[in-house]
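Inspection log for the structure reproduced underneath, given as structure tokens.
Please read these numbers as outputs of a predicted model, since none were measured by experiment. Here is the naming used below: chain letters follow the sequence lines, and residue numbers restart at 1 for every chain.
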Amino acid sequence: MPRIDFRAPSAELARALVGASLFVEGVGGRIVETEAYDESDPASHSFAGKTARNAVMFGPPGRAYVYRSYGIHWCLNFVCLAEGHGAGVLIRALEPTAGIERMRERRGLPDERLLCSGPGRLCQALGVTHAMNGLRLDRAPFRVVPRADDASIAVAAGTRIGISKSRDLAWRFALAGSRFLSKPLRLP
DNA sequence: TGTATGATCGCCT
DNA sequence: GGCGATCATACAG
């Protein structure tokens, strides 16, 4: 059932992506943490309208929106139902399954638990940069694999991280009990 | 386990 | 000028 539908509202897509797998040139793993953002949400980049930075969020769904965070890190979003509004899902953490040595080289830190536990770390480990902004997610270098139909997966919802607006919205989704989360889940 | 700080860039919502 | 959808490091206790 969880065929990934990039036209779904961001919270739905964010939930469906937990347990799916993401690879960039074969390096990646299982998504264990996501956050939803949309145009009605003051914490979203799309809230205040289209700019050069967030333009991809306003384009067709199923693309990568990569932005620079704090002037230093890259963060990866999956664009969903945009149609002039602007919505997306921030990929916050992966459980590494493929290309772990490559990740270690890129990260410089050996700790496997910290390779992809956070949106900036994950992009560094997978080699995601601004060069991939706007690229389709169903083509190389990306590969997104839905979780298996029979996968009995416990997805928990909590409040989002690192934002000051709309802090009570339970739009953070995580694989319950995973040790690869960027932070423990906080219930609303 | 927690709090503080620096790095450094795009946009000011 | 100030603030982020961050992270590594330094330090206190």
Of S40(A), S46(A), P42(A), which is the lone residue that meets side chain to side chain contact (heavy atoms under 4.5 Å, CB included) with S44(A)?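 Answer after filtering S40(A), S46(A), P42(A): S46(A).
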Mind listing the closest non-hydrogen atom pair of S10(A) and A87(A) along with its distance?
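That would be CB-CB, 4.4 Å.
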Could you state the atom-to-atom distance from [atom1] of [X] to [atom2] of [N] in whole Å?
X       : N      : atom1 : atom2 : result
D111(A) : dC7(C) : CG    : P     : 14 Å
I91(A)  : dT6(C) : CD1   : P     : 14 Å
R113(A) : dA8(C) : CZ    : P     : 11 Å

DNA chain B contacts among residues 92-109 of chain A, heavy-atom distance under 4.0 Å
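Going residue by residue through residues 92-109 of chain A, none turns out to have a heavy atom under 4.0 Å of DNA chain B.
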Quiz prompt | Neighbours of DNA chain B within residues 120-132 of chain A, by heavy-atom distance under 4.0 Å | solution =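 DNA chain B contact set from residues 120-132 of chain A: none.
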Take atom C1' in dG10(B) and the same atom in dA8(C), then report the distance between them in whole Å.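 About 23 Å, rounded to a whole number of Å.
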Whole-Å C1' distance, dG2(B) and dA5(C):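 The same atom, C1', in both gives a distance of 23 Å.
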Return the 5'-most residue of the pair L76(A), L114(A) with respect to DNA chain C, ranking by each residue's nearest nucleotide.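 Its nearest nucleotide being more 5', the pick is L76(A).
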5' to 3', nucleotides 6-13 of chain B under a 4.0 Å protein heavy-atom cut-off (B base, S sugar-phosphate only, - none) gives -BBBSSSB
Note to self: Given a 3.5 Å cut-off on both pairing distances, which stems involving DNA chain B, each at least three consecutive Watson-Crick or G-U pairs, are present, if any?
What the structure shows: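 Stem list for DNA chain B: B:1-7 with C:6-12, B:9-12 with C:1-4.
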- Query: With no hydrogens and no angle check, is any side-chain donor or acceptor of E35(A) less than 3.5 Å from a backbone partner on R92(A)?
  - Reply: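 It does not hold such a pair.
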| Looking only at atom types and distance, does a side-chain atom of R104(A) sit under 3.5 Å from a main-chain N or O of P110(A), one as donor and one as acceptor? |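 At least one qualifying donor-acceptor pair exists.
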Taking everything shown except R107(A) itself, do over 12 heavy atoms lie less than 6.0 Å from its CZ?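 Counting neighbours around CZ of R107(A), more than 12 heavy atoms of other residues, nucleotides or ligands fall under 6.0 Å, so yes.
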Taking atom CG of D168(A) as the centre, report whether more than 12 heavy atoms of other residues, nucleotides or ligands fall under 6.0 Å from it.
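For D168(A), atom CG is not crowded (no more than 12 foreign heavy atoms under 6.0 Å).
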Holding to side-chain hydrogen bond (donor to acceptor under 3.5 Å, both in side chains), I want the full list of residues that pass it with R167(A), two or more places apart in sequence or in another chain.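 Residues passing side-chain hydrogen bond (donor to acceptor under 3.5 Å, both in side chains) with R167(A): none at all.
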*Give a yes or no on whether M103(A) and V66(A) share a hydrophobic cluster (residues Ile, Leu, Val, Met, Phe, Trp, Tyr; joining criterion: side-chain heavy atoms under 4.5 Å apart).*
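Yes, same cluster.
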- List for me each residue that meets ring-ring contact (aromatic ring centres under 6.0 Å, His included) alongside H85(A), sequence neighbours excluded, and say none if there are none.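 Result, ring-ring contact (aromatic ring centres under 6.0 Å, His included) vs H85(A): none returned.
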Classify S164(A) by what it touches in the nucleic acid, base, sugar-phosphate, or nothing, heavy-atom distance under 4.0 Å.
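Sugar-phosphate, no base atom in range.
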Base, sugar-phosphate, or nothing: which does I163(A) touch, judged by heavy atoms less than 4.0 Å apart?
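Counting heavy atoms under 4.0 Å across all strands, the contact made by I163(A) is with sugar-phosphate only.
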Is it the case that R30(A) places NZ or CZ above or below the six-membered ring of F180(A), under 6.0 angstrom from the centre and within 45 degrees of the axis?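 No, R30(A) does not sit over the ring of F180(A).
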Applying salt bridge (charged side-chain N to carboxylate O under 4.0 Å, His left out) to E12(A) and R15(A), what does each step give before you reach the verdict? CA-CA 5 Å; E12(A) 257 176 57; R15(A) 178 181 283 276; over 6 Å; no
When the ring planes of Y65(A) and H45(A) are compared, do they come out parallel, tilted or perpendicular, using 30° and 60° as the limits?
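Because their plane-to-plane angle is over 60°, the rings of Y65(A) and H45(A) count as perpendicular.
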### Task
Using the salt bridge (charged side-chain N to carboxylate O under 4.0 Å, His left out) rule, take R121(A) and D111(A) through it: C-alpha gap first, then chi angles, then the decisive distance, then the call.
CA-CA 12 Å; R121(A) 292 169 178 157; D111(A) 187 344; over 6 Å; no
